[in-house]
Amino acid sequence: MERTLNFDQWARRQLDAVEAALEAWVPDNAPAGLGEAMRYGVLDGGKRLRPLLVMAACEALGGSREAALRSACAVELIHAYSLVHDDMPCMDNDVLRRGKPTVHVKYGEAQAMLAGDAMQALAFEILTPDEGVEPALQASLVRLLARAAGHAGMAGGQAIDLANTGRLLDEATLREMHRKKTGALLLVSVQMGAACGSPAPATWQALSEYGEAIGLAFQVVDDILDCTQASDKLGKTAGKDLEANKPTYVSVLGLEPARRYAQELRTQAHAALARAGLADVAALAAIADKVVEREN
C-alpha cells in the first residue's frame, strides 16, 4: 500500500543531504579562484529537481543511498556546468541565472568556461569513490551519465537548438531537440536512482517512460513560463527565447495547446509509474505533479 507522503518534508530531507554533500565535495581551494567560481555556479540555488528524481527512484527500489547521493550530486554538477556554459555570450548570452548574475558576468568568460569544465570532471570523480559504491555500479552510473550529457543527449540537443535559432520547426523536431537538451538529464536522473537498486526489466522500462514524460513536461512548462512570468519570478531573464527567435512549444503549438500537452505528459508519467510494479512511488508521483504545476 502506497504511503501518504508529506512531499515538502521529504524533499527538504533529501535536499539538505544533497546540499551538504555538494558543500563538502565542491572545492573552495582550487587554483586562482576557480573553486570560488565553481561554488558560485552550483551551490545555494536552483530547484534541484534532478537530485530529487535520483533520490526518489532509489528510494522506490530500496537501493543504496550512498550511491544515490553521489549520483544526485553528479547529475546536479553536470546540470550546473551546462547552465554556466549555456549562459555565455557564445551560446545563449544571458546575464541572470537563479536570481543572480551569471558566472561569466561575475568572474569573466574564461573563468566561467574553466568552472564549467571542472564541474563536469568533478561529477565523474564523485561517482567513482575508492569505497562505498561497488565498482560495477560505478561503471554503470558513469556510463549512464556520460551518454546523457554528451553528443546523444544534452550537448547534442544544445547543438540542435543553436542550429535552429530563427527557423520554424515542426513538433516532432522540437520534441527530439528537447528530448536531448533538457529531457536526457531528467531521464538519466531517474535511471541512475533506479540503478542504485535492482530493477526488473519491466520496472526499468516503466521508470524510463516516466522519466521521458517528466523530461518533456519540464521543457513544455519552461516554455510556457518564459512567456507568462516575469524575470524576478523565474530567477532568469523572461522572454529570452522569444527575443532570440528560438522555437518553443508555445511558438509551435500555441499557449493553450502547450498547457494541455503538459497535462497529457503528467498523465503519461503517472500511468508509467502505475506499470512499474513498485509498492511506493509516492515521491515520484508528487514530483510529476510539481513539474507541471510549478510557477518558476
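Just the heavy atoms: all of them, side chains too, but no hydrogens, waters or symmetry mates, feed the values below.
Leu127 places a side-chain heavy atom less than 4.5 Å from the side chain of Leu145. Arg167 places none of its side-chain heavy atoms less than 4.5 Å from the side chain of Pro247. Using a 4.5 Å cut-off on side-chain heavy atoms (C-beta onward), Pro51 and Gln14 make no contact. Gln268 places none of its side-chain heavy atoms less than 4.5 Å from the side chain of Glu209. At least one side-chain heavy atom of Gln158 sits less than 4.5 Å from a side-chain heavy atom of Asp92. Annotation: side chain of Val103 is not in contact with side chain of Asp87 (no heavy-atom distance under 4.5 Å). Between Leu162 and Met91 the shortest side-chain heavy-atom distance falls below 4.5 Å. Between Gln111 and Leu34 the shortest side-chain heavy-atom distance falls below 4.5 Å.
Proximity of a side-chain donor or acceptor of Gln138 to a complementary backbone N or O of Pro129 within less than 3.5 Å is detected. Checking side-chain atoms of His178 against main-chain N and O of Gly183 turns up no donor-acceptor pair under 3.5 Å. Side-chain atoms of Ser140 do not come within 3.5 Å of backbone N or O of Ala136 as any donor-acceptor pair. Between the Tyr210 side chain and the Leu284 main chain, a donor and an acceptor come within less than 3.5 Å of each other. Arg70 places a side-chain N or O within donor-acceptor distance of the main-chain N or O of Ile126, the cut-off being under 3.5 Å. When atom types are taken as modelled, the side chain of Lys100 and the backbone of Tyr40 share a donor-acceptor pair closer than 3.5 angstrom. The closest donor-acceptor contact from the side chain of Glu59 to the backbone of Asp280 lies at 3.5 Å or more, if one exists at all. Thr203 places a side-chain N or O within donor-acceptor distance of the main-chain N or O of Ala276, the cut-off being under 3.5 Å.
Here the closest heavy-atom approach between residue Leu137 and residue Ala67 is recorded as CD2-CB, 3.7 Å. Residues Val220 and Ala262 come closest through the heavy atom pair CG1-CB, 4.0 Å. Ser71 and Val54 get closest at one heavy-atom pair: CB-CG1, 3.8 Å. Here the shortest heavy-atom pairing between Gly116 and His85 reads CA-NE2, 3.6 Å. Of all heavy-atom pairs between Arg39 and Val26, the closest is NH1-O, 2.6 Å. When all heavy atoms are compared, the tightest approach of Thr102 to Asp94 is OG1-O, 3.0 Å.
In this structure, Tyr81 is not a member of the same hydrophobic cluster as Leu83, with clusters built from ILVMFWY side-chain heavy atoms closer than 4.5 Å. Both Leu43 and Leu114 are part of a single hydrophobic cluster, where members link through side-chain heavy atoms under 4.5 Å apart. The same ILVMFWY cluster, assembled from side-chain heavy atoms under 4.5 Å apart, contains both Val133 and Val142. Clustering ILVMFWY residues whenever any of their side-chain heavy atoms sit less than 4.5 angstrom apart, transitively, puts Met113 in a cluster other than the one holding Met38. Neither Leu265 nor Leu52 shares a network with the other; the hydrophobic side chains, linked directly or stepwise wherever heavy atoms of I, L, V, M, F, W or Y lie under 4.5 Å apart, form separate groups for each.
Residues Asp16 and Arg12 are paired through a salt bridge, judged by an N-O separation under 4.0 Å between the basic side chain and the carboxylate. A salt bridge links Asp222 to Arg294: one of the charged nitrogens lies within less than 4.0 Å of a carboxylate oxygen. Arg260 has no carboxylate O lying under 4.0 Å from a charged side-chain N of Glu264, or vice versa, which leaves the two without a salt bridge.
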> Run the side-chain contact (heavy atoms from CB on, under 4.5 Å) check on Leu185 and Phe218 step by step: do they pass?
Replying inline: CA-CA 11 Å; Leu185 272 194; Phe218 184 90; over 6 Å; no

>> What verdict does the side-chain contact (heavy atoms from CB on, under 4.5 Å) test give for Thr228 and Leu255, after you've listed the backbone C-alpha separation in whole Å, the side-chain angles of each residue and the deciding distance to 0.1 Å?
In response: CA-CA 9 Å; Thr228 60; Leu255 181 57; 4.1 Å; yes

>> Run Val188 and Met154 through side-chain contact (heavy atoms from CB on, under 4.5 Å) and show every step you take.
In response: CA-CA 11 Å; Val188 85; Met154 181 183 69; over 6 Å; no

> Can you check salt bridge (Lys or Arg N to Asp or Glu O under 4.0 Å) on Arg48 and Glu76, steps first, answer last?
Replying inline: CA-CA 7 Å; Arg48 304 293 197 234; Glu76 187 66 13; 2.8 Å; yes

>> For a side-chain contact (heavy atoms from CB on, under 4.5 Å) check, start with the C-alpha distance between Leu22 and Leu77, then their side-chain angles and the critical distance, and finish with the verdict.
In response: CA-CA 9 Å; Leu22 285 170; Leu77 280 163; 4.2 Å; yes

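The distance from the CD atom of Glu125 to the CH2 atom of Trp25 is 10.5 Å, given to the nearest 0.5 Å. Annotation: the span from Glu212 atom CD to Arg175 atom CZ amounts to 11.5 Å, rounded to 0.5 Å. Taking CG from Leu15 and CZ from Arg13, the interatomic distance works out to 11.0 Å, rounded to the nearest 0.5 Å. Here the CZ atom belonging to Arg50 is positioned 12.0 Å from the CD1 atom belonging to Ile214, to the nearest 0.5 angstrom. Interatomic distance, Leu174 CG to Leu168 CG, rounded to the nearest 0.5 Å: 11.5 Å. The OH atom of Tyr261 sits 5.5 Å away from the CD atom of Glu171 when rounded to the nearest 0.5 Å.
Residue Glu134 places its CD atom among 12 or fewer non-hydrogen atoms of other residues, nucleotides or ligands, all under 6.0 Å distant.
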